[in-house]
Amino acid sequence: MKQNIVTIDEVIKAFKNPPAHEGEKLVRDAFEFADAAHKNQKRASGKPYINHPLATAKILATIGMDARTVAAGLLHDVPEDTPETLSTISKKFGPDIAQMIEGITKLGRIKLRGTKEDYKLENWRRMFLAMGADIRTVIIKLADRLHNMQTLEYLRPDKRIRIAHETMEIYVPIANRLGIGEIRGELADLCFMYLQPDDYQRTKHLSEEKLKEKEAYVEKAIKEIGQSLKEDGIKYIDMHGRAKNIYSLYLKLQKHDMDIKRVFDLIAIRIIVQDVTACYETLGIVHKKYRPMIGRIKDYISLPKPNGYQSIHTTVFGPDGRVLEVQIRTQKMHDEAEFGIAAHWLYETRKKRGWTSYFLPKNDKITKKEVEWVKQLQQWQEELGNNPEEFMEGLKVDFLKNHIFAFTPLGDIIELPEGASIVDFAYAIHTDVGHTATGARVDGKMSALNSIVHNGQIIEIITDKNRVLPNADWLEFVKTSHAKSAIRRAINRAKKENSL
Ligand code: MN
């Protein structure tokens, strides 16, 4: 995949929501700063390093993120890879942007252990929680990872496989959970290409062959449906054919003995209309025109998928009696399907500018249906939509309630209850580390053992191998039962030995 050099003008042009004057200035300033900081650095591809943050920023702009997040995308590798520091960024661009970048830098150090299925879910949940302080961090990380995957060919083969694995296990599900179909699809295809090259090529070939064959047919169907909608006075915003991603096609083919004739949604026609009522009216018109296939109507509007996806899908016998899938949705559902949680920022700006026409009437039946956390996210978005700070606070409070995530210098995540101390952290690493702890460096600064651990801190425990017993006073402040019992056990054992 040949990657062109991205320019800052292209980033500005890519904004789904063109930023106001200050926003554009912020993005350009961030570019100037990052460009100077990364000066003379090169990517593995041999291209100037700045191409990577530019490409990351362009992805963010494309999926509808705001100017500040795009600026953070431009700056995301500055503290890690250049002499410029986070505090300089904070002074120049404000604490909000600096915090997003801090989150990304910390995340870079997370070591994900184990490949067992059990750990996978837990791992990515933790990763998400660790970043939960600001969900924009996750989105920037996804854009960063997407560009790294797009340029993976320049890395050593063993590295390619490792990164593709990690991406498939962690980032693809996160993109899916956040409903960012646009990123998820491309990431999954890229992983597939590196992890199962033969299957990838075969599936891609099969898909291309079939698509070529179907092109004229889809065009004909679009024309016919358009005509019927017009006759019935239904306006549509857009209608287009959309091919399935290679990897999703592969998964589907596996279910059907690799027989592509049994995959009905290789290419689907997508109709985007004004509102929910128009969705159902359009469905009626499509069914009047083409006979529906029994049992193939899926109403994800009244029953959204767990990640919030909404649309109506139906399979019909289209022109010439051939099978065709049709998907019907509103513009907002469409943006949410493509950009997921990122659509939050998109709609926020649109609302501010009075572009209210995309907003649907509130439908309580839908919003109360799901209790899963992503659904909850969407609910919060609705409720707190006017206030991004409050939205972030809401996320923080609920996701991180009673949970602290801190890191070892090697990037292992230690999960602790709220109010836990450095000693709890030490015992969480290993009982012996707890027993021999004498002090700690927290984010590089010396701290007392009874200090409270805060979310996201990097903590290095200083131990003294000659020390044999934990301090009984620690029992007054430790929070975890693991630390408490380990301290008690050690002290009791020592008492017994002394009395012998
Ligand atoms: Mn990066």
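Just follow the structure's listing: the first ligand is 1, and inside any ligand the first atom is 1.
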Discussion item. So, of the N/O/S atoms that H52 has, which is the nearest one to the Mn ion (ligand 1)?
Written reply: NE2

Fill in: salt_bridge(D144, K141) N-O dist < 4.0 Å
yes

Worksheet item: Is the shortest side-chain N to carboxylate O distance from D77 to R43 below 4.0 Å?
Response: no

Discussion item. Check R162 with D158, please: is the shortest side-chain N to carboxylate O separation under 4.0 Å?
Written reply: no

Worksheet item: If you measure from CD1 on I328 to CE on M333, what distance do you get to the nearest 0.5 Å?
Response: 11.0 Å

Discussion item. Which atom name would you report as the N, O or S atom of D144 nearest the Mn ion (ligand 1)?
Written reply: OD1

Fill in: Of all N/O/S atoms in D77, the name of the one nearest the Mn ion (ligand 1)
OD2

